[in-house]
Structure formats: structure tokens, C-alpha cells
Amino acid sequence: MLLGTVLVLLLAGAAPASAHAALRSTDPDDGSVVQRAPRHVTLTFTESVGLLDDSFRVFGPDQRRVHTGEATHAEGRSDTARIGLPGKLAEGTYTVAWRVVSADSHPVSGAFSFSVGKRSATTGQIDTGPAEDPLTRGLYDAARYLAYLAAALLVGTAAFALLCRPAHTSPLRRPLVAAWWTLLGSTAVLLLLRAPYEAGTGPAAAFDASALGRTLTGRPGLALLARLLVLLLTAAFLIGLSRRRDTVKRPVALAIGTALATALALTWAAAEHASAGIQVPAAMTSSVVHLLATGVWLGGLVALLLTLRRSSGDDLVEVVPRFSRIAFASVTVLAVTGLYQSWRGLGSLSALSGTSYGRLLLAKLAGVAVLLLVAGYSRRWTARIAAPAVAARAAVPAPVPQPVGAPAGGREAAEGPGTGEPGTPGEAESDGESESRGEPESPGGPAGPGARSGDPGIRRRLRRSVLVEVAVAAVVLMITTVLTGTLPSRAQAEAAQQAPVGALPPTTEITVPFDTGTDSVTGSGKVLVTLDPARVGENGVQAVVYGSDMGLVAVPEVRVTFTLPSREVGPIDAELADRGGYWSTNSVNLPLAGNWTMKTTVRVSDVDQVSVERRVRVEP
């Protein structure tokens, strides 16, 4: 019932889409000259988009903003955005800046131009609206990281208590409560900051009632509301479990806890990359399982660390091997789901080094590799702690047949229902616990403390290695937070193929071959430079670097400057910015018509670079 409610809230109206919306077409066309002023401006995207109060800004030939109507979806299609224009428009060039929210909750923006009657040259840079506010983005990303961290700790600690069944769960209560409150607080902050994050404005806009109302009706807002609901149900479950630990059966507690954890993970999967792109149902399932396995493993490490510090050696002989088996299963699940998600996000192996998404994924994989190495080291000490229990089991004689109807003995009967649930202190067990559980004694009598707990030095080494695992896991989660907010490589490639308009249409393309004299793939190749519209006034420049194997390559720096020798103008630096796979800018002002010299400098290392000049014609 709970999962059905969350699915209805989050997936209503969901449709296959491309992660991050890409602009498919504009009406009027980008760079076109129309004889009659259009009544509307319409944008069509590759996926459904959400509209903002300020989704469109239209600027006239005099660089003043044009009064427009309210942004709507054209003809009821969720993959379009439309704005009405005044009845009379003066001749000249109009710039349209747009900003929408893609189906995977990330805001996307851009600009294009069209002309009425004839083109007009601009004399300065047009303010196309608010860019991303760094303070809002920083606060939003911090809240997202805390939410990931708290969710992993909450799920992992509860799973540790239910599955590993430590005798004393009181050390786990504090991190469980801290994780719940942290997740609640970070979710509330995300809900408040959602509106200014989408609009690119400062944090003060979070207190705008109308903007908050709009957030609560969109998919990201519904996902956050659903998360708050799941958290309230989780609190009721944990409180009820701690008060009725003697009456709640462990299978029932595990079933309810699994349902709540799955619903919690679904609030992420339904509003991020998994909810848009290819194979949406499979991607969302993989994302939920991936998040749960992450929580069980990484959150369980914190619970294990606290158990190692507070519990007795006798308890660790059983608890540590249990967690080791659960952690191994979680890592296996993470490997399978992570491989699928990497393929879905990358699209090609070359994107690993050629895009920001790929490089972040490599960093995450490196962190996971370090985590696995440390985990392998921890398993050595885990095996030594478990050795007494293994030896004791080997000494157990064959069970004596009992009459039919006799009470069951052994560990299961002694534990009874509810043992090891969250909140169960376990203080009621007597000193004869091993006998009541049917555990064997050593041949020479009852096993002493040293035989059960092992060398204290082993416990100390295991505690240190687990602490290192926890620290590395925190770094991996931080990289994951950044990765989930980065444009996937597959979507970037799709946007480049399907959306040649709206950013830098190929009006003038110049191929610039280069050779630094080195033997590496990046040492030689070509730069494809696009100049739009190659006319007097504001221009856009895009530079894509190809290596000697004709594949896309990432280089430390690409610099483009323009000089007009006949009028002694320049050099004018385009100030290209790295966009993750290509270099671009939309604000190069070329004030005069003529044959300009474009100088392209490619730096492939700290010491290797080359500059090549080409002639470019700039029209009036």
C-alpha cells in the first residue's frame, strides 16, 4: 500500500525521456529572418519540461526587454514551451533567453535569436537573465549530500540491527535518531530551496509563497513531500518496534523495514536521472536496489564500528561474520547495478575521459576500488574474530533425536521473537547465555573469555580498518552527489545531435588542424570551431577538439582570439569555458565587418601547446 501511494505521487504522467531536456527545435528558427512578426515563440524539447514564472525573456533590437504573456505548453504538449508576443514588433533582431526544468529535476537554459524584416547589429552584451546563483547551488548541493549520507546511515543502521542481531543495540540508537533528524532537516531545506534553485536566484527567494506552491505541484516537490511522509512512517515504525520488541516477529519487522527503505529510495529514483532516458522502468528498479545496497553496506559500516567499540567479544564472534556476509552480498549487487547505470549514463567508452560525467564516474570508481581494498583488509580480521565460533561448531556432536512433540531446543528457541530488534537492549540475558542458546563448550569446560573474544589487538585493527572504510565511503558519497547533478554523457551526445539550434548553430565552421609534436593521442588532431552568426555584434563560439584517432579528447585549455589587421582591432579573447567535452562562449563582440584573423591555441599538457591562425569573414 505504501509503495503504491509513493508510485502514484511520483510517477503520475511519467513517460520515457532523455535525461536532461535537449532543445529540439524553435519557432521561429534560430537565426532566421521572418517578414511578418510572429505571434508566439515556441520551443520543442526532447522530453517533458516544467515551466517557471520567468521561463522566457525576450529582448528587442534596442536590448530592452519585450513585454510577453505567460509561459505555457503549446497545444497541451508537455515537451513544449510557448510565450505570446505583442501585436507589433519593430524591425531588427530579437534575443530569446529560456529556462525550464527537465523531467529529471535539473534546470536547463539557453538562448537563440531571430529577426523581423532584417537583422540588426547589437552594440553590447544583453543580460539574458539570472544565471545559476552560486550560494543557492552550494546550499542545495550540501543539503543533497547530507540527505544521501543520512539515508545511508538510517537504512544501514536499521538493517544492521535487524539482520546482524547484536545483543546490545543501545549504541545504535543515537546514530539512528541523528540520521532520521538529519534526513528530515535536509529534505525540508531541499523543499525550500527548490524554487530558487530552479530559477537561478538567491536563497531569499525560498520564502516566496507562490514559488513554494509551484514547487509542491512539480515532480521534484512531490518526491520530497513523499520522502517526508515515508520518514514519518519510519519514525512510527521504529518507536513501535522499540516499545513492542517482545511481541513483534522478526520476519514482520524485516518486511515492514524493507518496504519503508524501498519507498525511501524510490523518492530519489523517481526524480533524478533514473526517471528519464532509455529503459526507465529498469533504470528506476536498478537505482532503488543500488541505493538500498549502498545504505546496507556503508551505513552498516558505521553501525559495525560502534558495535566494535561498545560490545563484548562474545557478541562480536557472531555479529561480525554476519555483517561480513551481508556486506559481500551488497557489494555484488552494487557491482551489477553500477555497471548497468554506468552504461546507461555514458553511452560510449570514449565518454569516460571526454566528458565531465565520465571523469566523475572514474573518480567514483577509484574511490570504490580503494573502499574494496580496505574491506578486503578488514575481512582478514573478521575471519580471525570468527575463528572461535567456527572451531566451536566443529566440535558440536551429532544431535540426539527427540520424541515427536518435544520442545525445540538450540539457538532458535532460546532467542525467541524480537531478539536483536532496534531498541532491544538485551540486558535481560544471563551469564549462562551460551548454555541457554545451546552453544558448545570447549572440551576442557566452558570457553573462557579469551577463547570467545579473541585477541584484543585483532579487534583494535578491525576497528581501525572499518574507520578508514567509513571515511572513504563519505568521500564516495560526496562524488555520487555531484555525479547525480551532472549531465549524463549519453544525454550530452543526444543534445549535440538533436539540438543544433538554441546554443551554437553551425552558421560558420572552421577546421583547425594542430600538431604539438608529441606522440600521444592528444598531441595532434583538429579543432572544429563554430562561429555564430559570424556577423557584427554578439557572437557565439564553440570549439570541439578531436584527437589523432578522430575521437573526442579532453585538453587542459583551448583559447581563441580574433584580430582585424586592416583596422588594427584586437586581439579580442573569446574567453572560452570548459563545458565538459567542448569549449564555448556566447558573448564575443565583434564590432566591425571584415576578414578577421582567428588564432586558436590548444594546450595538451603543462608544456605542450600550439597556435594556428585561420581567416574568418564577419558579415555586417
Side-chain angles (χ1 to χ4, degrees), residues 1-7 10 147-184 187 226-270 284-285 287-304 306-307 318-319 322-323 325-330 333-334 337 412 415-426:
M1 183 66 180
L2 173 65
L3 289 177
T5 303
V6 175
L7 279 170
L10 300 182
Y148 274 115
L149 202 63
L153 183 59
L154 181 64
V155 172
T157 304
F160 184 88
L162 288 169
L163 298 175
C164 297
R165 306 190 297 277
H168 300 277
T169 57
S170 54
L172 305 181
R173 293 176 182 172
R174 184 171 295 178
L176 201 64
V177 172
W180 187 89
W181 280 107
T182 301
L183 185 53
L184 182 71
T187 302
R227 189 178 303 169
L228 291 175
L229 173 62
V230 175
L231 283 174
L232 293 177
L233 294 175
T234 301
F237 165 69
L238 293 176
I239 293 173
L241 193 61
S242 64
R243 292 178 177 177
R244 301 179 182 180
R245 57 183 178 270
D246 296 329
T247 59
V248 179
K249 301 291 186 180
R250 180 176 288 111
V252 175
L254 282 173
I256 297 175
T258 301
L260 289 170
T262 302
L264 192 64
L266 189 59
T267 64
W268 270 278
M284 290 188 61
T285 302
S287 178
V288 169
V289 174
H290 192 85
L291 287 170
L292 291 178
T294 300
V296 170
W297 181 27
L298 303 186
L301 285 174
V302 179
L304 177 62
L306 294 174
T307 302
E318 298 292 339
V319 171
R322 286 173 188 156
F323 179 75
R325 292 190 293 270
I326 293 171
F328 180 79
S330 298
V333 171
L334 286 172
T337 55
E412 289 75 16
E415 284 186 342
T419 305
E421 319 288 50
T424 305

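Values reported hereafter were calculated over all heavy atoms of this structure, with side chains retained and with hydrogens, waters and symmetry mates removed. Each residue takes its place number in the sequence, starting with 1. Please read these numbers as outputs of a predicted model, since none were measured by experiment.
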ask   = Is the closest side-chain heavy-atom distance between H290 and L334 below 4.5 Å?
value =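 Yes, at least one pair of side-chain atoms sits under 4.5 Å.
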
ask   = Taking the side chain as C-beta and beyond, is there a heavy-atom pair between L176 and L238 under 4.5 Å?
value =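 When only atoms from C-beta onward are counted, L238 and L176 do touch, with a gap below 4.5 Å.
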
Please name the pair of heavy atoms, one in [X] and one in [Y], separated by the smallest distance, quoted to 0.1 Å.
X    : Y    : answer
A269 : S287 : CB-OG, 3.7 Å
C164 : V319 : O-CG2, 3.7 Å
L183 : A150 : N-CB, 3.6 Å
L153 : P175 : CD2-O, 3.8 Å
A253 : L241 : CB-CD1, 3.9 Å

I need the [X] [atom1] to [Y] [atom2] distance, nearest 0.5 Å.
X    : Y    : atom1 : atom2 : result
T182 : L149 : OG1   : CG    : 8.0 Å
L266 : R227 : CG    : CZ    : 10.5 Å
F160 : L304 : CZ    : CG    : 5.0 Å
F328 : W297 : CZ    : CH2   : 11.5 Å
L172 : L306 : CG    : CG    : 6.5 Å
L228 : L232 : CG    : CG    : 7.0 Å

task = List the steps and the verdict of side chain to side chain contact (heavy atoms under 4.5 Å, CB included) for L298 and L301.
result = CA-CA 5 Å; L298 303 186; L301 285 174; 4.2 Å; yes

ask   = Any sub-3.5 Å donor-acceptor pair from W180's side-chain atoms to L154's backbone N or O?
value =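 A pair under 3.5 Å: no.
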
request  = List the steps and the verdict of side chain to side chain contact (heavy atoms under 4.5 Å, CB included) for T234 and L264.
outcome  = CA-CA 9 Å; T234 301; L264 192 64; 5.9 Å; no

message = Run the side chain to side chain contact (heavy atoms under 4.5 Å, CB included) test on L254 and L163 for me, step by step, so that the C-alpha distance in whole Å, both residues' side-chain angles and the decisive distance to 0.1 Å come before the verdict.
response = CA-CA 8 Å; L254 282 173; L163 298 175; 3.6 Å; yes

